[in-house]
Enquirer: 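Encoded as structure tokens, here's the structure I'll be asking about.
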Protein chains: 2
Amino acid sequence: MLEWLKEPEINFPDQLQHAGFEHGVCVGQIQAKAGLTQSTVSEYLSILQRAGFIEAKRVGQWTYYKRNEGAFEALSKLIQSNL
Amino acid sequence: MLEWLKEPEINFPDQLQHAGFEHGVCVGQIQAKAGLTQSTVSEYLSILQRAGFIEAKRVGQWTYYKRNEGAFEALSKLIQSNL
DNA sequence: TTGGTATATCGGGAAAAGTCGATATATTTG
DNA sequence: CAAATATATCGACTTTTCCCGATATACCAA
């Protein structure tokens with residue numbers, strides 16, 4: 001999922017029909033691609049959010065998730081320096 | 001454990017009594033510091049080895065483990081580029 | 001306000017990971 | 001070879017993680 005969110009236009013072309021990608025990709029799109037249930041994907045995304053890897057933005061009935069690139073940079077550096 | 005192995009001299013001073021650190025740190029030393037059973041530590045180290053993060057060197061009855069810095073560098077870069 | 005759609009949360013069962021004691025293997029020493 | 005020491009492997013149990021269906025919540029539209 002994290003990789004998918006790097007290129008929303010390529011990985012979630014269907015979303016164009018009701019929105020752009022300014023705020024990220026909505027849960028339903030990710031769920032369809034993941035092939036897991038809605039509840040599983042929702043929970044998974046919220047875990048990634050709490051971990052800081054993605055950010056959520058509620059717009060109407062949709063919740064859009066997008067990557068927080070800073071977190072990946074930070075993790076990469078942490079592995080370099082601390083680990 | 002991976003952090004401990006960055007500075008063997010500091011984290012495993014007892015090992016000096018029977019060996020240096022050329023080949024790394026032996027299982028018993030790591031086990032004592034970890035506070036887990038011998039079998040758990042042995043299995044854990046072999047998992048880390050299979051994953052490529054550490055290398056094993058058998059010398060007599062001892063097995064010494066040391067970090068494979070390249071693996072950490074690679075992981076760090078992988079997070080930067082692929083993830 | 002009622003019904004429809006999107007997402008979140010909850011409780012539970014299945015799968016995986018963590019940890020242990022017992023035992024096997026390898027090596028050294030007497 | 002026998003005993004002692006260090007490590008590895010095995011089987012079982014416990015804990016955690018994964019994933020689901022059911023249900024709750026939030027928002028929108030008629």
Side-chain angles (χ1 to χ4, degrees), chain A residues 1-5 8-9 11-68 71-72 75 79 83, chain B residues 1-5 8-9 11-68 71-72 75 79 83:
Chain A
M1 291 182 194
L2 294 172
E3 288 184 2
W4 293 343
L5 291 174
E9 304 80 0
N11 292 303
F12 304 98
D14 293 358
Q15 179 163 317
L16 284 170
Q17 297 172 1
H18 76 274
F21 296 105
E22 320 79 72
H23 303 117
V25 181
C26 69
V27 180
Q29 294 291 318
I30 300 171
Q31 190 226 321
K33 194 173 175 80
L36 297 169
T37 64
Q38 185 272 324
S39 63
T40 298
V41 173
S42 176
E43 187 186 358
Y44 191 11
L45 289 170
S46 84
I47 290 170
L48 288 174
Q49 184 198 5
R50 285 197 297 278
F53 290 109
I54 57 179
E55 296 167 354
K57 167 87 176 178
R58 182 101 197 197
V59 178
Q61 43 191 339
W62 294 281
T63 305
Y64 295 94
Y65 286 97
K66 68 176 175 184
R67 290 166 57 97
N68 173 14
F72 295 90
L75 177 58
I79 288 170
L83 206 66
Chain B
M1 291 182 194
L2 294 172
E3 289 184 1
W4 293 343
L5 290 175
E9 303 81 359
N11 293 303
F12 304 98
D14 293 357
Q15 180 163 316
L16 284 171
Q17 296 172 3
H18 76 276
F21 296 105
E22 320 78 73
H23 303 119
V25 181
C26 69
V27 180
Q29 294 291 318
I30 299 171
Q31 189 224 321
K33 194 172 175 81
L36 296 169
T37 64
Q38 185 272 322
S39 63
T40 297
V41 173
S42 175
E43 189 185 356
Y44 190 10
L45 289 171
S46 85
I47 290 171
L48 288 174
Q49 184 198 3
R50 284 196 299 277
F53 291 110
I54 57 179
E55 296 167 353
K57 167 87 175 177
R58 183 100 196 199
V59 177
Q61 44 190 338
W62 293 280
T63 303
Y64 296 93
Y65 286 96
K66 68 174 175 186
R67 292 166 55 97
N68 174 13
F72 294 91
L75 177 59
I79 288 170
L83 207 66

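Sequence lines set the chain letters: A, B, ... in the order given, protein chains first and strands last, and positions in each chain run from 1.
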Enquirer: Side chain of B:Q61 only, please: which of C:dT28, C:dG4, D:dC20 is the nearest?
Expert: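 From the listed options, C:dT28 comes nearest.
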Enquirer: Is the shortest side-chain heavy-atom distance between B:R50 and B:S46 below 4.5 Å?
Expert: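 Touching, per the 4.5 Å side-chain cut-off.
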Enquirer: How many whole angstroms separate atom CH2 of A:W62 from atom P of D:dC28?
Expert: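 The distance from CH2 of A:W62 to P of D:dC28 comes to 8 Å, rounded to the nearest Å.
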Enquirer: B:S39 side chain N/O closer than 4.0 Å to the phosphate oxygens (OP1, OP2) of D:dT7?
Expert: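 Answer is no, no contact under 4.0 Å.
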Enquirer: Using whole Å, report how far CD of B:Q29 lies from P of D:dA6.
Expert: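 Checked: the CD to P distance equals 10 Å.
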Enquirer: Any side-chain heavy-atom pair from B:P8 and B:Q29 closer than 4.5 angstrom?
Expert: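 Of all side-chain heavy-atom pairs linking B:Q29 with B:P8, none is under 4.5 Å.
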Enquirer: Where the side chain of A:V27 is defined as all heavy atoms beyond and including C-beta, which of C:dG4, C:dC20, C:dA8 is the nearest nucleotide?
Expert: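 In terms of side-chain proximity for A:V27, the closest of C:dG4, C:dC20, C:dA8 is C:dA8.
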Enquirer: What is the separation between atom CG on A:D14 and atom P on C:dA6, rounded to the nearest whole Å?
Expert: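 Those two atoms, CG and P, are 13 Å apart.
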Enquirer: Give the rounded distance in Å between these two atoms: CZ of B:R50 and C1' of C:dA17.
Expert: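 Those two atoms, CZ and C1', are 13 Å apart.
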Enquirer: How is B:L36 classified with respect to the nucleic acid when contacts are heavy atoms under 4.0 Å: base, sugar-phosphate, or nothing?
Expert: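 Result for B:L36 = sugar-phosphate.
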Enquirer: Which part of the nucleic acid does A:Y65 contact within heavy-atom distance under 4.0 Å: base, sugar-phosphate only, or nothing?
Expert: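 Sugar-phosphate contact only - A:Y65 comes under 4.0 Å of backbone atoms but never of a base.
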Enquirer: Could you tell me how far apart B:L48 (CG) and D:dA8 (C1') are, to the nearest whole angstrom?
Expert: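 The distance from CG of B:L48 to C1' of D:dA8 comes to 15 Å, rounded to the nearest Å.
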Enquirer: Could you tell me how far apart A:Y64 (OH) and D:dC27 (P) are, to the nearest whole angstrom?
Expert: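 Atom OH in A:Y64 sits about 14 Å away from atom P in D:dC27.
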Enquirer: Just the rounded figure in Å: distance from C1' of D:dC19 to CD of A:Q31.
Expert: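 Value for this atom pair: 12 Å.
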Enquirer: Want to settle it: does A:I47 or B:C26 sit nearer the 5' end of DNA chain D, counting the closest nucleotide to each?
Expert: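 This one resolves to B:C26.
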Enquirer: Could you pull out the closest heavy-atom pair between B:E3 and B:N11, with the gap in Å?
Expert: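 Reported closest heavy-atom pair: O-ND2, 4.2 Å.
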Enquirer: Anything under 30° is parallel, anything over 60° is perpendicular, the rest tilted; go ahead and classify B:Y64 against B:H23.
Expert: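 Tilted, since the angle between the ring planes falls between 30° and 60°.
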Enquirer: Quick check for you: among C:dC20, C:dT7, D:dT7, whose closest atom lies nearest to any side-chain atom of A:R58?
Expert: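 Selected nucleotide (nearest to the side chain): C:dT7.
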Enquirer: Would one find a side-chain N or O of B:S42 under 4.0 angstrom from OP1 or OP2 of D:dA6?
Expert: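 No, outside the criterion.
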Enquirer: Using only modelled atom types and a 3.5 angstrom limit, is any donor from either the side chain of B:Q38 or the base of D:dA8 paired with an acceptor on the other?
Expert: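 Donor-acceptor pair under 3.5 Å: yes.
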Enquirer: Please report the distance, rounded to the nearest Å, between CD in A:E43 and C1' in D:dT16.
Expert: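 Between C1' of D:dT16 and CD of A:E43: 13 Å.
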Enquirer: Please tell me if B:T40 has a side-chain N or O lying less than 4.0 Å from either OP1 or OP2 of C:dG18.
Expert: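 Answer no for this pair, as no side-chain N or O of B:T40 is under 4.0 Å from OP1 or OP2.
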Enquirer: Look at the rings of B:F53 and B:F72 and say which category their plane angle falls in: under 30° parallel, 30 to 60° tilted, over 60° perpendicular.
Expert: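 Answer is tilted, since the angle falls between 30° and 60°.
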